[in-house]
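Read through the structure below, which is laid out as structure tokens, and then see the notes.
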Amino acid sequence: MRNIISERVADFLQRHPPFNALDASDLQSLAQEVTIIYKEKDAIVFVEEEPSHEHFYVVHKGAISLEKSDTDTLVDLCDEGDIFGLRPLMAHENYKLGAKAHEESILYAIPINIFKPYAQSYGEIGNFLIESFASNTRNPYSGNHRGKLYGEAINTKLEGNPIKPLDLQPVRYSKKVITCTPVTTIKEAADIMSLRKIGAIVIVENGLPKGIVTDTDLRTKVATGAHPISAPVSDIMSSPVITYPKYITITQAQMAMMKSAIDHLCITEDGTPNTVAIGILSKHDLMVSVGNNPGALLKAIKRARKFKQLRRIKQRVQYLLKGYLDKEIPLNLITQVITELNDALTKQVLEIALRKMDGPPPVPFDWLTMGSQGRREQLLMTDQDTALVFNDVPEQELPKTTSYFLQLAKSASKGLFTIGYEYCPAEMMASNHKWCLSISEWKNHISHWIINPGPDEVLMSSIFFDFNLGYGSTELTEEIADHMYGTAEKYPIFYMHLASGALQNPSPTGFFRQFLVEESGEYKDFFDVKRRALMPLIDGARVLTFQHKVRNINNTVDRFRKLAELEPNNREIFLACAQATSSLLLFRVKQGVRHNDSGRYIALDQLTKEEKMKLKQAFKTIKELQEMIRIRFKVSNLLG
């Protein structure tokens, strides 16, 4: 007779490590021994120093908090698929932490005497437990685990190395390695190269690279009559083959080719001929990569005289971004490089637009970027969020002056669209007369937002307050900032309304910590990573730094790090927020690059279990941050 319950347990466990290493029969046997336990919110699972139970636990639904009782410190929060209570069983000791239901939860209790033989017989399970579950303290924001969240791992080859981002530029190489054996004839090898339209073929023996034959070899060693086409390729191959690891940089590749006077490098997993070939790097690949390094791109941007030229360069910037992601270069370095290139593109768009005008600007002006570009977080192709501010002029000259700048803004906006930035659906662009104003008009708008903070006013201020200088001097932007902070200081009630706006975005998860997805529309059943995960962090950082009058720091991660300095008592939560933001931003960028879109809407069924777990790990700080904001600013209508 089928045991439907144990089948469901097995189905759940097989999606989570280390149980996914078990074969089907062992997994089913283990599932039949599992006890299902229901815990209400705040119900105790075990207390500190209590003798260990005869089973450990897996969270099926809900969340379990692990706490240190003497300090009431939350050490970790375990959610779906997490294991807890195992280390004391393995070490034959009492529990060192207490565990209670953080929310309504369902647990699977797995007997240790049933599970231990599997840990001993399955090497993969044993290694997994040693590395990941040997401790009850798995707080990802602790010193021992910092940097191990999704998207935060730094290649050890780069860690501590003061190499500038320009020198970190990875080389794109072909991952389609075409091979033949040493006994393949030269004619057969040449036919393969011609058919596949490649310039080199790798000679392998027992799966390992032994040599390489290139177009040059065919010209100099065969076409000259030195070797017949019936001879084996081993007669003309270059051997031993020059190999390098997959993390090779432009500088390394250039030096390797110059040193050995060759046009091709063989890429292997460990950089030696002792592992299989995983790629081929040609001089052409190197030239393409050199053309896409930040320095070359900046020069190309400054030389561009047409919007269409900038569009091609912007595409190369996206190619550069993908290369950085492939090489797992740290996000802060990626953001630094791509942001500088995006800023340069914006400035050149304005330069081209100004040259198209009939005359010079009648008065000084500043072009402001807002949204993700204003926060220096724009890595993907998103829509335009811009504004224009110009010096005051006599009232009779205002219509003519405004007309000039609107014409300029429309030309620049068209240029930005040409290079790949979509028009803002809400028309929050400098080409809209509502976002192209004199300094006095902007001050009046800002005063109205702060003094009369309705929902629309709070929304407008939230968008505008992330502005960054895109073109012009700093005088007008500094004057605007002075007015913003000065007015808010006179009307502190505005902070509460801004905080209330920061709490409008719903939580990323709902009942049993399930992802909350879109219920209707084009993206029905998709997860909105921007609105549900990133915006609560972005909005929270904005209101807290605005209250502290922090200037010239718009980037959300940098804002949280600055808050950690300003409020030592809240240092841990702010650093956790910084890391969660960085993790989510990188996740969105990778999704966007993978699907060639903004990365905003995620199809959950296309995510791996590991990706889902790491996303949820990043969500854990959001509720804590929102609770802090609700209490600090006395916001009673916390939503979501």
Side-chain angles (χ1 to χ4, degrees), residues 2-24 26-47 52-67 74-90 95 97-116 118-119 125 128-129 132-133 135-136 138-140 507-517 527 604-605 607-620 623:
R2 291 177 59 191
N3 187 335
I4 302 299
I5 294 178
S6 68
E7 287 181 6
R8 290 178 179 175
V9 172
D11 182 62
F12 174 84
L13 291 178
Q14 73 176 355
R15 302 197 303 268
H16 302 271
F19 308 105
N20 55 0
L22 292 169
D23 61 38
D26 285 341
L27 182 63
Q28 187 59 46
S29 298
L30 177 65
Q32 291 175 1
E33 303 296 331
V34 169
T35 301
I36 301 175
I37 299 174
Y38 169 78
K39 291 288 184 180
E40 295 182 348
K41 182 179 180 181
D42 296 327
I44 300 298
V45 182
F46 51 76
V47 298
S52 58
H53 300 172
E54 294 181 355
H55 41 256
F56 63 95
Y57 302 92
V58 179
V59 181
H60 174 55
K61 298 285 187 182
I64 300 295
S65 58
L66 302 180
E67 302 174 349
L74 177 65
V75 176
D76 195 12
L77 193 64
C78 303
D79 60 10
E80 182 180 321
D82 284 346
I83 292 176
F84 68 97
L86 176 60
R87 190 194 65 80
L89 289 171
M90 304 296 282
Y95 292 115
L97 298 170
K100 71 176 182 180
H102 187 73
E103 57 190 57
E104 191 175 23
S105 302
I106 295 176
L107 309 177
Y108 288 164
I110 301 178
I112 187 61
N113 64 319
I114 301 295
F115 179 75
K116 189 175 287 186
Y118 296 125
I125 292 179
F128 183 88
L129 296 178
S132 304
F133 290 93
S135 171
N136 275 327
R138 295 182 296 100
N139 182 356
S507 169
T509 53
F511 189 67
F512 280 141
R513 301 180 68 77
Q514 294 299 304
F515 286 87
L516 292 180
V517 297
F527 179 73
L604 295 176
D605 58 357
L607 299 184
T608 65
K609 170 56 187 173
E610 183 181 11
E611 286 175 323
K612 289 181 182 179
M613 290 177 67
K614 288 173 179 177
L615 267 179
K616 286 186 177 181
Q617 196 76 289
F619 295 163
K620 292 179 180 179
K623 287 185 178 180

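Numbers for residues simply follow the sequence, beginning at 1. No hydrogens, no waters, no symmetry mates; every other heavy atom, side chains included, goes into these values. Small disclaimer: the values here were computed from a predicted structure and weren't measured.
Separation of atoms CD (Glu104) and CG (Asp42) is listed at 11.5 Å; rounding is to 0.5 Å. Here NE2 of His60 is found 9.5 Å from CG of Leu13. Values are rounded to the nearest 0.5 Å. To the nearest 0.5 Å, atom CD of residue Glu54 and atom CD1 of residue Ile112 are 11.0 Å apart. Here NE2 of His102 is found 7.0 Å from NZ of Lys41. Values are rounded to the nearest 0.5 Å. Atoms CD and CG, from Gln28 and Leu22 in turn, are 11.5 Å apart once rounded to the nearest 0.5 Å. For the atom pair Tyr118 OH and Asp26 CG, the distance stands at 4.5 Å (nearest 0.5 Å).
Listed here is the closest heavy atom pair of Ala10 and Leu27: O-CD2, 3.5 Å. Among all heavy-atom pairs drawn from Tyr95 and Ser52, the shortest one is CE1-CA, 3.5 Å. What you find for Ile44 and Lys39 is that their closest heavy atoms are O-NZ, 2.9 Å. Across all their heavy atoms, Ile37 and Ala109 have their closest contact at CD1-CB, 3.8 Å. Taking both residues in full, the closest heavy atoms of Ser105 and Glu103 are given as OG-O, 2.6 Å, listed atom of the first, atom of the second, then distance.
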Item checked: Working for side-chain contact (heavy atoms from CB on, under 4.5 Å), residues Ile36 and Leu107 -> CA-CA 6 Å; Ile36 301 175; Leu107 309 177; over 6 Å; no
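By the 4.5 Å heavy-atom criterion applied to side chains, Tyr108 and Val9 are counted as neighbours. In this structure, Ile114 and Ser29 have side chains that are not in contact, with every pair of non-hydrogen atoms separated by 4.5 Å or more. Using a 4.5 Å heavy-atom threshold, the side chains of Phe19 and Ile110 count as touching. At least one side-chain heavy atom of Phe84 sits under 4.5 Å from a side-chain heavy atom of Phe46.
In this structure, the ring of His55 has its center no less than 6.0 angstrom from the ring center of Phe115.
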